[in-house]
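Some notes on the structure that comes next.
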Amino acid sequence: MEILPNKETIAYRKASKRVKELKEFYGNLTSYGIVIPFLAILNLVTAPGYLWFLWPALGWGIGIAFHAINVFGIGKSWEERKIKELMEKEEKQIKTF
């Protein structure tokens, strides 16, 4: 016999996952905010004629943009609707037994 989690457990797991996603994003953003200025200073002190720090800033910046889209943007409303739909379907199946 399978024990199904209750709504509070499901909500807690969902909230916990969301907090983890946010924490990872803000950690990534904080690292970017610390490392890129360090690289810029290092670049300007050692080789001011060529601004190589822009390449890691651009690459990492693109990665952060995609991370932000994943955490905050596109697809989240669809995901929420699908979760509700599956939960309602499961609830109906439980009531029919």
Side-chain angles (χ1 to χ4, degrees):
M1 184 167 127
E2 183 179 335
I3 299 175
L4 300 173
N6 60 21
K7 286 184 181 182
E8 292 82 21
T9 305
I10 293 169
Y12 177 81
R13 287 181 186 165
K14 184 178 168 185
S16 179
K17 180 183 175 194
R18 180 73 177 147
V19 167
K20 183 180 177 192
E21 289 173 348
L22 289 168
K23 185 177 175 183
E24 289 172 351
F25 172 75
Y26 288 123
N28 192 4
L29 189 61
T30 301
S31 298
Y32 181 86
I34 293 170
V35 173
I36 295 302
F38 172 76
L39 291 178
I41 291 168
L42 181 66
N43 179 192
L44 294 173
V45 168
T46 60
Y50 178 64
L51 301 179
W52 55 261
F53 82 92
L54 293 175
W55 295 110
L58 178 66
W60 197 349
I62 291 170
I64 286 177
F66 281 113
H67 196 172
I69 289 170
N70 186 35
V71 172
F72 299 110
I74 300 171
K76 283 295 173 185
S77 60
W78 174 86
E79 186 177 326
E80 296 295 326
R81 285 193 313 269
K82 194 64 174 175
I83 289 170
K84 282 183 181 180
E85 176 187 325
L86 293 173
M87 287 174 63
E88 288 171 1
K89 183 178 178 183
E90 189 172 315
E91 192 173 304
K92 286 179 184 177
Q93 286 179 346
I94 291 170
K95 288 181 181 179
T96 60
F97 287 116

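The analysis underlying the following values was restricted to heavy atoms, covering all of them including side chains, and did not include hydrogens, waters or symmetry mates.
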Under 3.5 Å donor-acceptor pairs involving side-chain atoms of residues 55-66, not counting sequence neighbours:
unit_1, atom_1, unit_2, atom_2, d
Trp55, NE1, Tyr50, OH, 2.9
Trp60, NE1, Asn28, OD1, 2.8

(request) Spell out, yes or no, whether Phe38 and Ile36 are grouped together once hydrophobic residues are joined by side-chain heavy atoms under 4.5 Å, including indirect joins. (result) yes
(request) State whether the side chain of Ser16 and the backbone N or O of Tyr12 hold a donor-acceptor pair below 3.5 Å, judged by distance alone. (result) no
(request) Quick one: which residue pairs count as a side chain to side chain donor-acceptor pair (under 3.5 Å) with a foot in residues 32-41, not counting sequence neighbours? (result) none
(message) Quick one, Leu39 and Asn43 - any side-chain contact, counting heavy atoms below 4.5 Å?
(response) no
(request) Could you identify which residues cluster with Ile41, counting Ile, Leu, Val, Met, Phe, Trp and Tyr as linked when any side-chain heavy atoms lie under 4.5 Å apart, either directly or through a chain of such contacts? (result) Val45
(message) Can you list everything that forms a side chain to side chain contact (heavy atoms under 4.5 Å, CB included) with Leu22? Sequence neighbours excluded, please.
(response) Arg18, Tyr26, Val71, Phe72
(message) What's the separation between atom OG1 in Thr46 and atom CH2 in Trp52, rounded to the nearest 0.5 Å?
(response) 6.0 Å
(request) Taking side-chain hydrogen bond (donor to acceptor under 3.5 Å, both in side chains) as the test, write out the residues that go with Glu88, two or more places apart. (result) none
(message) Lys17: which residues meet the side chain to side chain contact (heavy atoms under 4.5 Å, CB included) condition with it, sequence neighbours left out?
(response) Glu21, Glu79
